[in-house]
There are 2 protein chains.
Amino acid sequence: MSRKYIENPNACTLVHTMNIIGNKWKPILIYLLSNGKLRFGKLLLFTPGISKKVLTTQLRELEDDGLIIREKFNETPPRVEYSLSEKGLALLPILRELSRWAENMYPEIAFEECRIASGIDLKVGKFNKE
Amino acid sequence: MSRKYIENPNACTLVHTMNIIGNKWKPILIYLLSNGKLRFGKLLLFTPGISKKVLTTQLRELEDDGLIIREKFNETPPRVEYSLSEKGLALLPILRELSRWAENMYPEIAFEECRIASGIDLKVGKFNKE
DNA sequence: AATAGTAGTAACCCCAAAGTAACCTATATG
DNA sequence: CATATAGGTTACTTTGGGGTTACTACTATT
């Protein structure tokens with residue numbers, strides 16, 4: 001009986017990739033960090049709808065997978081800064097292509113609104129009060 | 001008070017993309033179809049671990065999102081062929097990049113084994129018996 | 001002594017997605 | 001008359017990702 005093999009050499013790596021970034025929050029977090037370092041509180045603020053707990057687990061997983069770097073400063077109150085690692089940075093152009101794909105293929109969707117929805121005040125905490 | 005806006009114009013389209021392909025099975029199915037048309041039974045066979053029910057829902061969703069085309073022939077027993085649409089084809093190069101990213105960034109993972117694991121006999125049904 | 005501020009944990013719950021198994025349709029075949 | 005075949009559907013159960021709320025540590029400020 002002749003044996004043929006499926007020609008999907010990339011499927012498994014793809015599955016791995018999806019395990020790493022293919023969920024509700026991680027692509028957003030990676031994109032937020034594409035502009036530079038962000039503290040936990042900012043990430044929480046700029047990711048509407050996410051909870052502290054979930055943000056923590058997502059960041060931990062991204063760190064475990066080597067996509068982001070976590071810097072902890074021994075201060076009080078604590079300060080933790082997150083930034084993209086080399087792996088994370090290498091992913092950015094591909095994510096941009098995926099975005100362009102969606103924009104081109106689904107022109108009927110009002111992505112412009114989403115864009116506006118992510119416009120959140122960068123100044124928080126004490127700066128907010130005045 | 002000065003207002004700054006987050007520069008993540010692509011995050012939303014990215015979320016949309018992840019809603020479409022960022023789950024357990026869909027990237028695999030897209031890659032299986034990258035070689036051409038496949039019938040339901042073949043897809044079931046070439047996607048180890050998936051159930052009929054889940055395969056059906058995944059295919060329906062891919063069809064609803066316009067990534068694949070479903071052709072039904074009025075025969076008995078029935079025959080249904082699935083293939084990639086233009087949208088799906090346009091996605092392929094990006095998926096390949098994602099795969100390459102994973103291969104380059106995680107050289108320690110034995111993706112070769114996954115490749116072998118997907119080598120399933122293409123001949124099924126009656127052809128199997130001899 | 002109470003409060004604010006950051007970055008979390010711990011305990012608990014919920015629901016949609018996924019999994020399982022049986023059943024269905026129409027024909028042809030033994 | 002029973003069985004096989006392809007491509008499903010239906011009903012039911014399970015799982016785990018995500019969500020909510022409360023709590024913590026440590027210090028400076030009021």
Side-chain angles (χ1 to χ4, degrees), chain A residues 15 18-29 32-33 37-65 68-83 121-130, chain B residues 15 18-29 32-33 37-65 68-83 121-130:
Chain A
V15 172
M18 286 306 161
N19 284 334
I20 292 177
I21 60 156
N23 79 346
K24 185 173 178 180
W25 300 113
K26 285 175 184 170
I28 301 176
L29 295 175
L32 285 176
L33 290 174
K37 291 185 181 184
L38 279 178
R39 297 174 62 173
F40 183 87
K42 303 276 184 185
L43 286 169
L44 190 65
L45 190 67
F46 301 154
T47 314
I50 204 171
S51 67
K52 273 185 178 184
K53 193 200 88 173
V54 174
L55 177 57
T56 302
T57 62
Q58 300 300 304
L59 290 171
R60 288 287 178 283
E61 290 177 11
L62 286 172
E63 197 194 356
D64 291 345
D65 290 325
I68 64 172
I69 295 161
R70 181 176 181 271
E71 276 181 287
K72 182 172 186 172
F73 300 87
N74 274 329
E75 301 175 3
T76 302
R79 180 159 64 102
V80 178
E81 287 181 352
Y82 292 93
S83 56
D121 190 3
L122 268 171
K123 308 225 173 199
V124 283
K126 290 193 173 173
F127 302 100
N128 249 351
K129 292 182 180 167
E130 30 189 319
Chain B
V15 172
M18 287 305 161
N19 284 334
I20 292 176
I21 60 157
N23 78 347
K24 186 173 178 179
W25 300 112
K26 285 176 185 171
I28 301 176
L29 296 175
L32 285 177
L33 291 174
K37 292 185 182 187
L38 278 178
R39 296 176 62 171
F40 184 87
K42 303 277 185 184
L43 286 169
L44 191 65
L45 190 68
F46 300 156
T47 313
I50 204 170
S51 67
K52 271 185 178 185
K53 194 200 87 172
V54 174
L55 178 57
T56 303
T57 63
Q58 300 300 306
L59 290 172
R60 289 289 180 282
E61 289 176 13
L62 286 172
E63 196 194 356
D64 289 346
D65 290 326
I68 65 172
I69 295 161
R70 180 176 182 272
E71 277 181 286
K72 181 172 186 173
F73 300 86
N74 274 330
E75 302 175 0
T76 301
R79 179 161 62 103
V80 177
E81 288 181 350
Y82 292 93
S83 55
D121 190 3
L122 267 171
K123 309 226 174 199
V124 283
K126 290 193 172 173
F127 301 100
N128 249 351
K129 291 182 180 169
E130 30 189 319

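Source: prediction; values computed, not measured. So you know, we letter chains A, B, ... as the sequences are listed, proteins then strands, and number each from 1.
Inter-residue side-chain proximity for A/Ile21 and B/Met18 is flagged as met; some heavy-atom pair is nearer than 4.5 Å. Contact of the A/Gln58 side chain with the A/Asn23 side chain is registered, since non-hydrogen atoms from C-beta on lie closer than 4.5 Å. The closest side-chain heavy-atom distance from A/Leu44 to A/Lys52 is below 4.5 Å. Using a 4.5 Å heavy-atom cutoff, the side chains of B/Leu59 and B/Phe40 are in contact.
Phosphate proximity of D/dG7 to B/Arg39: present, with a side-chain N or O under 4.0 Å from OP1 or OP2. Within the structure, a side-chain polar atom (N or O) of B/Asn23 is placed less than 4.0 Å from OP1 or OP2 of C/dA18. Taking 4.0 angstrom as the limit, B/Arg79 places none of its side-chain polar atoms (N or O) nearer than this to OP1 or OP2 of C/dA26. Residue B/Tyr82 places no side-chain N or O under 4.0 Å from the OP1 or OP2 atom of D/dA6.
Backbone-only contact: A/Gln58 has heavy atoms under 4.0 Å from sugar-phosphate atoms and none from a base. Across all strands shown, A/Phe73 has no heavy atoms under 4.0 Å from either base or sugar-phosphate atoms. Nucleic acid contact class of B/Glu81 (heavy atoms, under 4.0 Å, all strands): none. Within 4.0 Å (heavy atoms only), B/Lys24 reaches sugar-phosphate atoms of the nucleic acid but no base atom.
In this entry the distance linking CZ of A/Phe40 with C1' of D/dA25 reads 15 Å, nearest Å. Distance CG (A/Leu38) to C1' (C/dT6): 15 Å, rounded to an integer number of Å. The NZ atom of A/Lys52 sits 14 Å away from the P atom of D/dT20 (whole-angstrom rounding). Look at CG on A/Leu45: it is 11 Å from P on C/dT6, rounded to the nearest Å. Rounded to whole angstrom, the span from the CD atom of A/Glu75 across to the C1' atom of C/dG5 amounts to 13 Å. Per the geometry, NZ belonging to A/Lys53 stands 10 Å off C1' belonging to C/dT9, to the nearest Å. B/Asn74 places its CG atom 16 Å from the P atom of C/dT25, with the value rounded to the nearest Å. Counting to the nearest Å, the P atom of C/dT9 and the CG atom of A/Leu44 are 14 Å from each other.
Toward the 5′ end of DNA chain C lies the nearest nucleotide of A/Thr76, the other residue of the pair A/Thr76 and A/Arg70 mapping further downstream. Comparing A/Thr57 and A/Pro78 along DNA chain D, the residue whose closest nucleotide (by nearest heavy atom) sits nearer the 5' end is A/Thr57. If you find the closest nucleotide of DNA chain D to B/Arg60 and to A/Val54, the one lying nearer the 5' end belongs to B/Arg60.
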Next item on the list: Apply side-chain contact (heavy atoms from CB on, under 4.5 Å) to the pair B/Asp65 and B/Asn19, showing each step before the final yes or no.
Entry: CA-CA 10 Å; B/Asp65 290 326; B/Asn19 284 334; over 6 Å; no
